Amino acid sequence: MDAAVKLGIYVPHFCWHRKLSIAANCRMCLVQVEKAPKPLPACATPVADGMKVHTHSELAVSAQKGVMEFLLINHPLDCPICDQGGECQLQDLAVGYGASGSRYGEPKRVVFHKNLGPLVSAEEMTRCIHCTRCVRFGQEIAGVMELGMMGRGEHSEIVTFVGRTVDSELSGNMIDLCPVGALTSKPFRYAARTWELARRKSVSPHDALGSNLVVQVKGDRVMRVLPLDNEAVNECWISDKDRFSYEALGSDERLTAPRVKHNGEWREVDWPTALDVVARGLKDIAAKHGGNAIGVLASPHATLEELALVARLARGLGSESVDHRLRQSDFSDDGALAGVPWLGMPIAEVGAQDRVLVVGSFLRKDHPLIAARLRLAAKRGTQVSMLHAVDDDWLMPVAHKAIVAPSLVPATLAGIVVAAAKGAGRPAPPALAGVVPSPSAEAIAASLLSGSKRAVFLGNAAVQHADAARIRALAQALADIVGGTLGTLVESANAIGAALVDAQSGAGGLDAQAMLADPRKAYVLLHAEPEFDCANPVAARAALGKADLVVVMSPFAHGTSYADVLLPVAPFTETAGTFVNCEGRLQSFNGVVKPAGETRPAWKVLRVLGTLLDLEGFAFESVDDVRRALTPDAGAIAHRLSNATSMPVTAPAAHPAPLERVADVPIYFADPLVRRAASLQLTADAKPPRARVHRALLEKLGIADGAQVRIRQGRGEAVVAAMVDAAVPPGVVRLAAAHASTCGLEGLSGPVTVERA
């Protein structure tokens, strides 16, 4: 089969897929091999020297037609109402290999529907031809066997485990893999026919991979999102948040006209009125209090053009207080960084490493497709090690683990550095002279030293750590000692792009945390929801509540309690823009539908604001003009990407609090789009956060599993259900951030107290 594909020769098939293992169970690819007594399956027959294969001989075609007749014996005749109609592999091949009528006159079998969850529909499992692509995808790519086949012969069925649904963050790919209408998209079901849809290319606005997408449109409405093959980035897969977040575009919270708060009441106004209010307000505050009284909080999910213009607007008003690093809490190494932190290698090379250490990452949920690449590498023999505050199941073989409280991560990493230096026969940094490595630290160091291609990756939890600068310096020292590459698993779609266009605090300006700790007189929020997107939502709400002017630029109506002006700006599907992914790849895209209502692209809004404020450098006619003027080219980007830091290695303290919090940002709480995607919010990953603790802690406090507890952190508190979780070490409470029930807590980590509610 591989040889035929490379030669451009088509062999009909159902179960074969270039990314999955060989199953050879559909038999559609039978071919004639010279001297073989019977037709052989092309997918499972190895090439041999001198072999002669006839793929379209009379014998081969006869065998293929015979298989097709058997496949159609029990297949229901429901093409007119099948959701897969028009893009069904069985339908296509039946035209070429099926008969005009059936010789089978017996009753067809019936398979009852299955409930696979809110994303994947299995309402017509009678259509299933048992190719097992979905089963193999779960085992081999997603890493978890959520579907399997039970029964024999005509009693065979694809089923879930009893009482379980399909909850993988990559589950939507099963829909693409299904060659018939057995597995279909539940949100898209019966919404449109494939021939009614226009197909337009785009780029994912979620995680830093920058998955390539095909957005399918009917009229001015996005109907479906599918993967666009790109081997260098997302291969042929996308995560479920890439696939289903389009539902948010039709959310009830969609903002479609400018609004201005007048005497405490919101009024819809036209664009000139709203922009005049914003321009006069910003100009007055800059005149009375100086430019630095204005703070700009920009989401790292905004486009490069939007970020460049909002940074130019802030600096035109005299403010250097602009930042996209909303969840970061340690900015002490800002002046020590040699460039913009990035993956450190092309995405395609992640799976080519033979020794990997991942520090501080909820890997599966933060970076689903990078996790998939590492999963395949681990199956091939790559030793993946983990240093983290929770023992998450990454659904891959993990060679070595060091699971410690968040405050002990720097000390444990220092132990790995010392052990690696000893193993390599090199001196350890002098500041670590008194550090004694733990057994797990020694095992991780030995693993790294035993390979030839080594990488140390810093995850989101490491970058957001309260001691992130020290962690970065230690990770660099470790990479240098073992002769490996230091990489950063970048948090969001355009965090690198934001740094490249200087959408972060400059000399004399305040970073995101300082802007909220020392409230500004005015704030401009670009696609940001500080109550969910900031490291300290309590400080964010307090600062925004004290401001004289808060301008919210968002596709959604939010922040009505503290905002003064709401400006409806376009999401990624309604504007043109550019994202720079974790490997530094510049990817531009165009809008796929017209903006909803009075929504306008944010770059246009910022251009008009700059003009109204009489600022220089805003005379742009098109987004292409903005891109040419403000976007660095590939060479300039490559020159600026660097994980190096001149921050000296210092000995970390190892005195944890009696009880401390670790906060993950769940995959479907991470940005404004996924938070409003109805189907994603019905998944297991979107359940309200619970305080996950070690059983010993609940026993010590005398609290039952599932009981309500009050968590106090800083000035804030949250009441949630407790849950025993063996993956959480003693002395740690895992409680998710970016959710309404927990945004009353201060910070993503730090000391907490727990008591019965």
Side-chain angles (χ1 to χ4, degrees), residues 1-5 8-32 38-45 53 55-56 59-79 82-99 102 104 108-109 111 114 120-122 124-141 147-159 172-185 194 226-227 229 236-237:
M1 181 72 84
D2 290 328
V5 168
I9 298 168
Y10 182 73
V11 178
H13 62 273
F14 292 112
C15 68
W16 179 83
H17 189 277
R18 61 194 173 90
K19 295 287 183 182
L20 302 177
S21 62
I22 302 298
N25 53 9
C26 78
R27 318 308 282 184
M28 191 64 210
C29 64
L30 291 175
V31 292
Q32 181 183 358
K38 59 184 179 180
L40 299 177
C43 64
T45 303
V53 181
T55 60
H56 293 82
L59 178 65
V61 172
S62 173
Q64 292 159 2
K65 286 184 174 181
V67 170
M68 177 59 71
E69 184 174 19
F70 275 112
L71 286 175
L72 294 178
I73 275 177
N74 278 311
H75 199 80
L77 301 176
D78 61 352
C79 290
C82 178
D83 223 35
Q84 196 90 340
E87 51 187 3
C88 173
Q89 210 172 327
L90 182 65
Q91 203 175 54
D92 293 343
L93 291 182
V95 173
Y97 299 91
S102 174
Y104 181 77
K108 290 177 180 281
R109 79 172 193 152
V111 180
K114 312 289 188 295
V120 182
S121 172
E124 287 90 13
M125 290 304 287
T126 305
R127 298 172 185 159
C128 177
I129 61 169
H130 308 126
C131 69
T132 67
R133 280 183 175 185
C134 55
V135 177
R136 284 175 286 145
F137 172 82
Q139 287 179 292
E140 297 163 19
I141 308 297
L147 295 178
M149 189 158 69
M150 72 173 189
R152 294 174 68 99
E154 70 168 2
H155 302 293
S156 299
E157 290 186 38
I158 298 291
V159 295
N173 293 292
M174 294 178 182
I175 299 166
D176 298 338
L177 287 171
C178 185
V180 295
L183 301 181
T184 53
S185 168
T194 181
L226 299 175
D229 283 18
C236 56
W237 318 119

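Note that this is a predicted model, so its numbers are computed, not measured.
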Colleague: What is the distance from atom OG of Ser102 to atom CD of Glu69, rounded to the nearest 0.5 Å?
Modeller: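 Those atoms lie 6.5 Å apart.
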Colleague: Which distance, rounded to the nearest 0.5 Å, do you find between the CG of Leu183 and the CG of Leu147?
Modeller: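 The CG atom of Leu183 sits 7.0 Å away from the CG atom of Leu147.
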Colleague: Between Asn74 and Tyr104, is there a side-chain heavy-atom distance shorter than 4.5 Å?
Modeller: yes
Colleague: Do the ring planes of Trp16 and His13 sit parallel (below 30°), tilted (30 to 60°) or perpendicular (above 60°)?
Modeller: perpendicular
Colleague: Tell me which pairs pass side chain to side chain donor-acceptor pair (under 3.5 Å) where either residue lies in residues 19-32, with sequence neighbours left out.
Modeller: Lys19-Glu231, Lys19-Glu235, Ser21-Glu140, Asn25-Thr132, Gln32-Ser57
Colleague: Nearest 0.5 angstrom please: Cys15 SG to Ile22 CD1, how far?
Modeller: 7.5 Å
Colleague: Do Gln84 and Val180 make a side-chain contact, defined as non-hydrogen atoms from C-beta onward lying under 4.5 Å apart?
Modeller: no
Colleague: Within a strict 4.5 Å, meaning less than it, do heavy atoms of the Asp78 and Arg127 side chains meet?
Modeller: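 Yes. Closest side-chain heavy atoms under 4.5 Å.
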Colleague: Any chance you could measure Lys65, atom NZ, to Leu30, atom CG, to the nearest 0.5 Å?
Modeller: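 Atom-to-atom, Lys65:NZ and Leu30:CG are 14.5 Å apart.
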Colleague: So how far is it from His56 NE2 to Tyr10 OH, rounded to the nearest 0.5 Å?
Modeller: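 If we round to the nearest 0.5 Å, His56:NE2 and Tyr10:OH are 9.0 Å apart.
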Colleague: Please examine the side chains of His17 and Phe137, heavy atoms only from C-beta on, and report whether any two atoms are closer than 4.5 Å.
Modeller: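 Of all side-chain heavy-atom pairs linking His17 with Phe137, none is under 4.5 Å.
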Colleague: Distance check, rounded to the nearest 0.5 Å: Leu90 atom CG versus Cys26 atom SG?
Modeller: 10.5 Å
Colleague: In the structure I gave you, are the side-chain heavy atoms of Lys114 and Glu157 within less than 4.5 Å of one another anywhere?
Modeller: yes
Colleague: Would you say that more than 12 heavy atoms from the other residues, nucleotides or ligands in this model lie under 6.0 Å from the CZ of Arg18, or not?
Modeller: yes
Colleague: What's the verdict on side chain to side chain contact (heavy atoms under 4.5 Å, CB included) for Trp237 and Leu177, showing C-alpha distance, side-chain angles and the deciding distance?
Modeller: CA-CA 10 Å; Trp237 318 119; Leu177 287 171; 4.0 Å; yes
Colleague: In the structure I gave you, are the side-chain heavy atoms of Pro76 and Glu124 within less than 4.5 Å of one another anywhere?
Modeller: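 Sidechains of Glu124 and Pro76: no contact.
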Colleague: Tell me, please, which residues at least two apart from Asp2 pass salt bridge (charged side-chain N to carboxylate O under 4.0 Å, His left out).
Modeller: none
Colleague: Do Leu93 and Met28 have side-chain heavy atoms sitting under 4.5 Å apart?
Modeller: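 In short, these two side chains touch, coming nearer than 4.5 Å.
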Colleague: Do Val135 and Gln139 have side chains that approach each other closer than 4.5 Å (heavy atoms only, starting at C-beta)?
Modeller: yes
Colleague: For Val11 versus Ala42, what's the shortest heavy-atom pair and its separation?
Modeller: CG1-CB, 4.1 Å
Colleague: For the pair Arg133 (side chain) and Asp176 (backbone), establish whether a donor and an acceptor sit closer than 3.5 Å, ignoring hydrogens and angles.
Modeller: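 Not at all, since once roles are kept as given, no pair shorter than 3.5 Å links the two residues.
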